[in-house]
Amino acid sequence: LFDFTAITSMLNTFEVYRLPDEIERMGIGKVSRTACVVPMTFLREFKLMESLAQEQGYDFRVFQNKEHALRYLIAGLLP
């Protein structure tokens, strides 16, 4: 779970497009569920990041609510 709710500035478009590569470099595998909680002010940019990551095979979702993000992550642990 990544909590970005306190950020005050956003990456530029080029950096957003590179984020799936950064996810891989951090060692987060494509089989790992990843959730980000983001502020409404940057939802559009994070949704782009979500789309790019999913296109590359990552199980990556963006949420505005921490509880929803946690439910998503927990659901991935259940058989």
Side-chain angles (χ1 to χ4, degrees):
L1 175 68
F2 294 95
D3 186 345
F4 293 108
T5 54
I7 65 169
T8 57
S9 64
M10 187 59 195
L11 303 172
N12 66 43
T13 303
F14 177 73
E15 292 168 324
V16 170
Y17 273 94
R18 290 189 44 210
L19 281 173
D21 296 332
E22 293 298 319
I23 292 169
E24 186 173 340
R25 282 198 306 135
M26 289 177 7
I28 298 172
K30 292 184 178 182
V31 295
S32 300
R33 274 192 172 201
T34 305
C36 291
V37 183
V38 303
M40 180 62 178
T41 52
F42 301 117
L43 183 61
R44 186 178 67 126
E45 291 87 348
F46 276 99
K47 283 295 190 178
L48 171 61
M49 183 174 74
E50 175 186 79
S51 177
L52 293 168
Q54 289 175 355
E55 286 175 8
Q56 292 189 24
Y58 290 96
D59 192 354
F60 184 91
R61 295 273 313 273
V62 171
F63 299 88
Q64 290 181 266
N65 179 292
K66 189 173 185 176
E67 290 76 26
H68 292 162
L70 288 171
R71 277 190 233 137
Y72 167 75
L73 292 173
I74 291 168
L77 299 174
L78 303 175

Is it the case that more than 12 heavy atoms not belonging to [X] sit under 6.0 Å from its [atom1] atom?
{"X": "M26", "atom1": "CE", "result": "yes"}
{"X": "Y72", "atom1": "OH", "result": "yes"}
{"X": "K47", "atom1": "NZ", "result": "yes"}

Do you know the tightest heavy-atom contact between [X] and [Y]?
{"X": "G76", "Y": "R33", "value": "N-NH1, 3.4 Å"}
{"X": "R61", "Y": "E50", "value": "CA-OE2, 3.2 Å"}
{"X": "M49", "Y": "C36", "value": "CE-SG, 4.4 Å"}

Answer yes if [X] and [Y] sit in the same cluster of Ile, Leu, Val, Met, Phe, Trp and Tyr residues linked by side chain heavy atoms under 4.5 Å apart, and no otherwise.
{"X": "L73", "Y": "Y58", "result": "no"}
{"X": "F2", "Y": "M40", "result": "yes"}
{"X": "F14", "Y": "L48", "result": "no"}

- With distance as the sole test, does E15 use its side chain to make a donor-acceptor pair with the main-chain N or O of N12 at under 3.5 Å? yes
- Message: Using only atom types and a distance under 3.5 Å, with no angle test, would you say the side chain of Q54 pairs donor to acceptor with the backbone of F60?
- Response: yes
- Do F4 and F42 pass the ring-ring contact (aromatic ring centres under 6.0 Å, His included) test, and can you show the C-alpha distance, the side-chain angles, and the key distance before you say yes or no? CA-CA 10 Å; F4 293 108; F42 301 117; over 10 Å; no
- Message: Using the rule given for side chain to side chain contact (heavy atoms under 4.5 Å, CB included), can you reason through T34 versus D59, listing the C-alpha separation, both sets of side-chain angles and the distance that settles it, and then say yes or no?
- Response: CA-CA 6 Å; T34 305; D59 192 354; over 6 Å; no
- Heavy-atom side-chain contact between L1 and L70 under 4.5 Å: yes
- So among I7, L43, T5, D3, which one has a side chain to side chain contact (heavy atoms under 4.5 Å, CB included) with V38? L43
